[in-house]
Structure formats: C-alpha cells, structure tokens
> 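Provided herewith is a single structure, encoded as structure tokens, for subsequent inquiry.
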Amino acid sequence: MQWTIWRHIRLELPADWEMLQFSRNMVAGRCAFADRTQFRAELSWQAVSGPPDLERLASDYLAKRRLDGTIAGGVSPRRDSRGGDVPPTLARVGEWHGLRCHEGGLLTSRFSRYLGEEGCLIEFVLLWPQGLDASLEADILARVAAERPWPGGWRRWRAFGLDALAPGNLDLVECVAQPALARLGFADAREEHQVTFERLGMVPQWLRGSVRDWLARQVPSDLRDASEGRAEANGHQVEGLSGLRRGGALRRPTRYAAAAWLCPADGRLYRVAVTGLGAVEGGRPALDRLSCCEGKPLRG
Amino acid sequence: MLAARPARNAAAEAAREASGGVRIAVKRKRPRWHVPPLSWVVPIQPTRTVRLDPLGAQVWELCDGERTVEAIVDAFAAEHRLSFHEARVAVTGYLSQLVQRGALAIAIR
C-alpha cells in the first residue's frame with residue numbers, strides 16, 4: 001500500500017495503483033487510479049456548505065440509475081468472478097455510505113462521506129474486475145482522511161513520486177505528470193510567491209555535466225546577485241542557488257532560491273524552486289520542502 | 001494491448017550505429033502507378049530509413065515477437081527505474097510510431 005495526498009485528502013491504495021488522472025480544482029474535481037491494466041479507483045470531491053444526508057444521496061443515486069437502466073433492478077443478472085450474485089445493495093462502511101452494484105459490466109463500490117475538516121463531500125469509487133475484495137475495500141475506505149495542515153500552515157502533497165510541503169496560502173497552479181517528469185507548481189493569485197517541485201527520471205540519458213550546472217541553467221533569466229551553495233543532507237549532495245528577481249505583476253524585487261539533488265536511492269533528480277517567500281536562504285530550506293527516498297520520513 | 005507481441009519487420013535490415021542507435025532500412029511497397037514509362041522518370045527509393053536513438057534501439061531490440069508489450073514495459077521500467085505507467089506511456093507511444101513507420105508489426109494471440 002502507498003500513500004497519496006491530493007487536495008488535502010490522504011488515501012492509501014495498493015502500491016501498483018498509480019494516479020493517472022487528476023484535477024487541480026479545489027472546489028470540485030476528481031482523480032483516478034489504475035493498476036497495470038485498468039482504472040481501479042476514483043476519488044472525487046465537491047465543496048459543500050454542510051454535511052449532506054449521505055444515506056439519501058446513495059438511495060437517490062440507486063433509484064436514478066435504476067430509472068435510466070444503468071443498474072438492473074432487483075438481483076443483478078451478472079455474477080462476480082467468484083460466482084456470487086451481486087444485487088445492487090446499499091451499504092455502510094464506517095463513516096461511508098454507498099452502494100455496491102454492477103455498473104458498465106463491472107462490480108463497483110461507490111461510497112461517499114462528508115469530510116468536515118475540508119468542508120467537502122468526497123466520493124470514492126472502486127472497481128472490482130476480479131470480484132469484490134471486501135477487506136481491501138474496508139482498508140481503503142478506512143484510511144481516507146483529511147490531511148491536516150502542518151505547523152506554519154504548510155500543506156503536504158504526495159503524488160507522482162513527489163512528497164512536498166507547499167505553503168497553504170498558495171494554489172496548485174501546475175501539475176505535470178509525464179514519463180520521467182513530475183512537476184507541481186504552486187503560486188498565489190499575483191504570482192509573487194511561487195514554489196515548484198520537480199522530479200526527473202532517466203537522468204543518465206539527458207544530464208550532461210553536473211547537477212550544479214543543470215540547476216544554474218534552470219534559473220529565471222532575470223535573476224540577479226546569484227550565489228551558489230552546497231549542503232550535505234541525509235546522504236544527498238544538495239546544490240543550492242539563490243538571488244533576487246523581479247516577480248509578480250508589479251515586478252518588485254523578490255527572493256529566489258532553488259535546490260537540486262540526485263537521489264542515490266531512486267536515481268531521480270529533484271528540484272525545488274521558491275520565489276518570493278521568506279526564509280529561503282541557500283539550498284537547505286528548499287530541501288526541507290521536498291522528500292525523496294521512498295519510505296523515509298518527510299524532512300523538516 | 002499489453003498482451004500483444006510486437007515483432008520486428010523481418011524484411012527490414014537493421015544496422016547498429018556508433019552512437020548506440022540503430023538504422024533500419026524498411027522496404028517500401030512499390031506504388032501501383034510506378035510502372036514504365038512513369039518509373040523511368042520518377043525514381044522511388046526502394047527502402048525508407050528509420051533511425052532510432054539508443055533508447056529507441058533498446059525498445060526495438062526487446063521486440064522479438066515473444067515478449068509481450070507488458071514484458072517490454074517491465075524491462076524498460078526496470079532498466080530506467082521508472083514506474084510501470086511511466087514506462088507504459090513511453091513504450092507504447094514509441095511502439096505505435098515504429099509500427100506506423102513499418103519497423104514493427106504487432107501480433108495479438
């Protein structure tokens with residue numbers, strides 16, 4: 001099982017289920033996870049003003065689907081892979097209310113709950129191509145929780161191999177998930193404060209020269225008074241670079257700091273770049289915002 | 001798709017390059033209109049060259065007609081320390097390009 005933290009929601013899914021679709025929208029959105037062959041889970045969220053009647057939501061959904069014929073009424077004619085009939089049934093698992101039924105030919109668990117800390121309704125859909133695994137379903141649902149803010153208002157994001165702490169007042173404005181490239185970018189509305197986290201793979205294929213040289217090539221063209229630094233942290237040689245740049249719409253001078261390192265454990269190159277936030281001297285504070293090495297606790 | 005078995009075009013000739021890449025000469029099908037007297041004045045190269053960089057060559061060499069796409073993805077992921085889906089996106093995209101260029105054929109059993 002591995003943790004994913006997205007939109008301040010923490011979930012734990014089997015290690016081979018990877019996030020393939022995501023939404024950056026904090027008000028309403030979804031992300032979907034797939035195993036090797038097909039989608040297995042979908043988490044969706046919707047900001048609401050108060051706790052909804054979840055039981056009613058589930059029964060309304062069932063009635064609506066029966067009406068449009070997506071779900072067969074009574075006992076489903078299909079059988080799951082273990083040979084048991086799976087009639088559409090309303091169910092409750094802990095704080096989750098929902099139903100299990102066949103949708104689109106697949107046995108589906110569809111549960112929702114109200115996440116008070118985040119003020120949103122979340123729905124979790126699990127697909128069971130090999131038949132219902134009730135214990136995995138219970139495990140997954142039991143471990144979905146709101147990810148509380150860290151001291152100082154930091155918020156943790158964990159996806160695509162990145163495990164990052166971003167200032168809570170910044171929005172996720174960029175997310176890139178491509179082969180050997182994961183990037184999360186956070187910024188405020190005026191783009192005066194920005195944080196970018198990057199994780200790059202297949203490093204021997206493209207990195208020519210040192211990490212320091214590469215980091216120097218990533219800095220914005222308007223950077224002035226740049227100074228370099230180097231730190232050793234947990235067996236990682238961290239290259240740092242800082243200076244001043246003109247950021248935001250008003251082009252006011254703001255601090256810029258970046259750090260990059262090659263993780264010996266997973267062979268990936270990590271980079272953090274921070275613009276406009278306080279306390280970004282040298283590479284170390286930037287490093288504290290991003291973890292590598294699967295299994296080790298987040299620094300900072 | 002993951003169960004398909006890509007095989008190299010048996011009629012293509014491959015030569016390894018010093019860079020680690022591979023140059024593949026894929027035979028072209030002669031167009032119907034390419035008959036005398038038109039063929040006397042409009043020459044057509046009998047082969048088309050497909051150049052693969054070292055990474056592409058790695059994928060191409062894994063396509064032996066026995067390995068499934070899934071096995072190729074696994075091998076590529078292990079070699080480059082990528083996750084399964086990272087490697088899947090890269091490899092399947094590349095395989096489809098090679099099929100379009102005639103360097104590979106896909107067998108579905």
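Not measured: the values here are computed from a predicted model. Lettering of chains follows the sequences in order, A, B, ..., and the numbering in each one begins at 1.
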> Which answer fits A/L20, side chain, backbone, both or neither, if we ask what part of it has an atom under 4.5 Å from a heavy atom of chain B?
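A/L20 touches chain B through side-chain heavy atoms alone.
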> Ring centroids only, cut at 6.0 angstrom: are A/W157 and A/F197 within range, meaning strictly under it?
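No: the rings miss the under 6.0 Å criterion.
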> Would A/R30 pass as a cation-pi partner of A/W45, given that its NZ or CZ must be under 6.0 Å from the six-membered ring centre and within 45 degrees of the axis?
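No, A/R30 and A/W45 do not form such a contact.
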> Taking side chain as everything from C-beta outward and backbone as N, CA, C, O, which of these in B/L82 sits under 4.5 Å from a heavy atom of chain A? Side chain, backbone, both or neither.
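Contact with chain A involves both backbone and side-chain atoms of B/L82.
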> Donor-acceptor check, side chain of A/W206 to backbone of A/M202, threshold 3.5 angstrom: yes or no?
yes
> In terms of heavy-atom pairs under 4.5 Å with chain A, which of B/M1, B/H80, B/R81, B/E70 leads?
B/R81
> Heavy-atom distances under 4.5 Å only: say whether A/A34 touches chain B with side chain, backbone, both or neither.
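For A/A34, backbone and side chain are both near chain B.
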> Within 45 degrees of the axis of the six-membered ring of A/F33 and under 6.0 Å from its centre: does A/R40 put its NZ or CZ there?
no
> Look at B/V89, B/L2, B/L55 and state which one has the largest set of heavy-atom pairs under 4.5 Å with chain A.
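The option with the most such pairs is B/L55.
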> Is a salt bridge present between A/R143 and A/E137, judged by a nitrogen-to-oxygen distance below 4.0 Å?
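Looking at A/R143 and A/E137, the cut-off is not met.
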